[in-house]
> 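Input: one structure, supplied below.
One is the number of the first residue; the rest follow in order along the sequence. It should be emphasised that the depicted structure is a prediction, and the values quoted were computed from it without experimental measurement. Quick note: numbers below take in every heavy atom, side chains included, and nothing from hydrogens, waters or symmetry partners.
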Amino acid sequence: MPVEVSVIVPIYNEVENLEALYRELTAAMEAQSRGFEILWVDDGSTDGSVEAMRTLARRDPRIKLVLLRRNFGQTAAMHAGIQNAEGDSIVTIDGDLQNDPHDIPKMLDVLDKGFDLVHGWRRRRQDAWLSRKLPSRIANALISRVTGFPIHDLGCTLKVMRGEIARQIELYGEMHRFIPILAHHIGAKCCEVETNHRPRQFGKTKYGIGRTLRVVLDLITVRYMQKYFASPMKLFGMIGCICWALSMSTLGAAIGMKFYAAVDLTGNPLLLLSVLSLMLGTQFFSLGLLGEVCARIYYRNSSRQTYEIREVVNLHRRDDRFHIRAA
């Protein structure tokens, strides 16, 4: 049966979950009439996940492996899977068993109704409230308001999309969270459906509350891309935020000295530092935007990728950049 659906699973240290995820994925995909393949994309695992995936690939030729040379991040792993997928429809799903594979047939049916991308909504999310749920809700509300794209759960990895749409989206940095927005930006018709979400059984999450600021910076990038066709900024955006925070704090201190201590602001070093920090922050953000444009031009013109593949298993596609072998 020809491959119609490619299921892409980024894997990073999920050895305990692989066997159960394989059984659930195959059961869900065999329940519908489409031919399928499952692409495990290993993102530099060190816990035995690669050996477990090789065992599954030897057992089932529908299991195909893309092994990256090191840990490049979830966005790069997802991009590698999309670029090596054969199916006309592409499914992305986490490897931690929290997404329910049995939602995939339902989402494929919705895709057949004329949509280009169907993304999941973990309405009853089974995660810690303070470290996962609360930051996610705040981020989703902020992103929806800034981008004008209505969405409840941008962080859900479970998505189903048409292959031509998925391959047009340029993924790098940590932009996998914004796939629906990026797809909508190029004219894709998107739809959100409720999906089942389950508590993690094995292993530990690779993400925490510390990623919140990175999401905010990515949001600034996406908004800039929507209006000015640019790319992510990380380093210069971070430095700019620090400079602006310093400017606001020193300005507040100077104003407080003026009103409560009657200190003359003429030549006040705190006021001068506030102005200097504000100017530096603005300059760093400007440099970040210019640097992102240059990086985008570089990757596009040189055909470079944000990942390097060490080996693939069971794939029929041919690429001189990496070694291809059977299981």
Side-chain angles (χ1 to χ4, degrees), residues 1-11 14 17-41 52-66 77-123 153 156-169 176 179-180 183-184 187-198 312-318 326-327:
M1 182 181 294
V3 173
E4 299 178 54
V5 181
S6 296
V7 182
I8 298 168
V9 191
I11 297 295
E14 298 286 0
N17 296 315
L18 292 176
E19 180 67 34
L21 181 58
Y22 164 74
R23 291 196 302 267
E24 290 195 32
L25 275 175
T26 52
M29 297 307 296
E30 287 172 352
Q32 42 92 54
S33 59
R34 302 173 174 91
F36 68 93
E37 63 178 359
I38 301 175
L39 274 75
W40 307 90
V41 184
M53 287 188 288
R54 289 187 186 278
T55 300
L56 292 171
R58 285 192 290 268
R59 186 193 313 171
D60 188 343
R62 297 172 300 184
I63 302 297
K64 303 176 182 181
L65 311 184
V66 178
M78 200 172 292
H79 189 206
I82 290 172
Q83 295 304 314
N84 287 278
E86 296 184 28
D88 295 328
S89 299
I90 290 179
V91 178
T92 60
I93 187 171
D94 271 333
D96 56 11
L97 285 174
Q98 290 194 264
N99 294 138
D100 190 344
H102 293 91
D103 287 322
I104 296 176
K106 172 183 67 176
M107 297 175 74
L108 285 168
D109 291 339
V110 174
L111 192 75
D112 289 340
K113 294 180 180 179
F115 292 98
D116 298 306
L117 185 147
V118 181
H119 47 97
W121 173 16
R122 299 166 295 180
R123 189 168 189 173
D153 187 7
C156 183
T157 303
L158 183 55
K159 299 178 181 68
V160 177
M161 62 196 103
R162 299 195 184 278
E164 64 269 20
I165 294 294
R167 296 180 183 98
Q168 287 183 50
I169 299 173
H176 65 276
I179 285 178
H184 177 73
K189 187 178 180 182
C190 303
C191 175
E192 187 176 48
V193 299
E194 287 190 36
T195 57
N196 185 33
H197 191 247
R198 305 175 294 190
V312 300
V313 177
N314 286 348
L315 278 172
H316 301 297
R317 296 165 65 87
R318 292 293 182 264

> Between L97 and A20, what is the shortest heavy-atom contact and its length?
CD1-CB, 3.9 Å
> Applying side-chain contact (heavy atoms from CB on, under 4.5 Å), run through D116 and K189 and close with a yes or a no.
CA-CA 5 Å; D116 298 306; K189 187 178 180 182; 3.6 Å; yes
> Tell me, please, which residues at least two apart from E37 pass salt bridge (Lys or Arg N to Asp or Glu O under 4.0 Å).
K64
> I want to check something: taking the side chain as every heavy atom from C-beta on, are T157 and M78 in contact at a cut-off of under 4.5 Å?
yes
> Using a 4.5 Å cut-off on heavy atoms from C-beta on, say whether the side chain of L158 contacts that of R122.
no
> Looking at residues at least two apart in the chain, or sitting in another chain, which of them share a side-chain contact (heavy atoms from CB on, under 4.5 Å) with E19?
Y22, R23, L56, R59
> Drop me the distance from I11's CD1 to N17's CG, to the nearest 0.5 angstrom.
8.0 Å
> By salt bridge (Lys or Arg N to Asp or Glu O under 4.0 Å), which residues pair with E192, not counting sequence neighbours?
none
> Name all residues meeting the side chain to side chain donor-acceptor pair (under 3.5 Å) criterion together with T26; count only those two or more places apart in sequence or in a different chain, and write none if there are none.
none
> Looking at OG of S89 and CZ of R162, how far apart are the two atoms once the value is rounded to the nearest 0.5 Å?
6.0 Å
> Of all heavy-atom pairs between S6 and L39, which one has the smallest distance, and what is that distance?
CB-CD1, 4.5 Å
> Compare every heavy atom of C156 with every heavy atom of G120, then report the nearest pair and how far apart it is.
O-CB, 3.4 Å
> Let me confirm one number: the CZ-CG distance from R198 to D100, rounded to the nearest 0.5 Å.
4.5 Å
> Side chains of I82 and R167, heavy atoms from C-beta outward: is any pair under 4.5 Å?
yes
> Considering residues at least two apart in sequence or located in another chain, which fulfil the side chain to side chain donor-acceptor pair (under 3.5 Å) criterion with T92?
none
> Under the rule for side-chain contact (heavy atoms from CB on, under 4.5 Å), what residues qualify as partners of A52, not counting sequence neighbours?
V15, L18
> Contact between I179 and I169 at the side-chain level, heavy atoms closer than 4.5 Å - yes or no?
yes
> Do you know the tightest heavy-atom contact between G81 and I8?
C-CD1, 3.3 Å
> Could you go through residues 105-113 and list every donor-acceptor pair under 3.5 Å that involves a side-chain atom there, pairing it with any protein atom two or more places apart or in another chain?
residue	atom	partner	partner atom	Å
K106	NZ	E194	O	2.9
D112	OD2	R34	NH2	2.1

> May I have the step-by-step check of side-chain contact (heavy atoms from CB on, under 4.5 Å) for L25 and V9, ending in yes or no?
CA-CA 10 Å; L25 275 175; V9 191; 4.0 Å; yes
> Considering only residues two or more places apart or on different chains, which pairs with a residue in residues 102-122 satisfy ring pair (Phe, Tyr, Trp, His ring centres under 6.0 Å)?
W121-H152
> Rounded to the nearest 0.5 Å, how far does CE of M53 lie from CD1 of I38?
13.0 Å
> How far apart are the closest heavy atoms of A57 and N314, and which atoms are they?
O-ND2, 3.2 Å
> Drop me the distance from K159's NZ to C190's SG, to the nearest 0.5 angstrom.
10.5 Å
> Any chance you could lay out the side-chain contact (heavy atoms from CB on, under 4.5 Å) test for N99 and T195, step after step, and finish with the verdict?
CA-CA 8 Å; N99 294 138; T195 57; 5.5 Å; no
> Could you go through the side-chain contact (heavy atoms from CB on, under 4.5 Å) check for F36 and I104 one step at a time?
CA-CA 12 Å; F36 68 93; I104 296 176; over 6 Å; no
> Does N196 use its side chain to pair, donor to acceptor, with the backbone of D103 at less than 3.5 Å?
no
> Who passes salt bridge (Lys or Arg N to Asp or Glu O under 4.0 Å) against R62, sequence neighbours left out?
E30, D60
> Taking Q168 for its side chain and E164 for its backbone only, find out whether a donor-acceptor pair lies under 3.5 Å.
yes
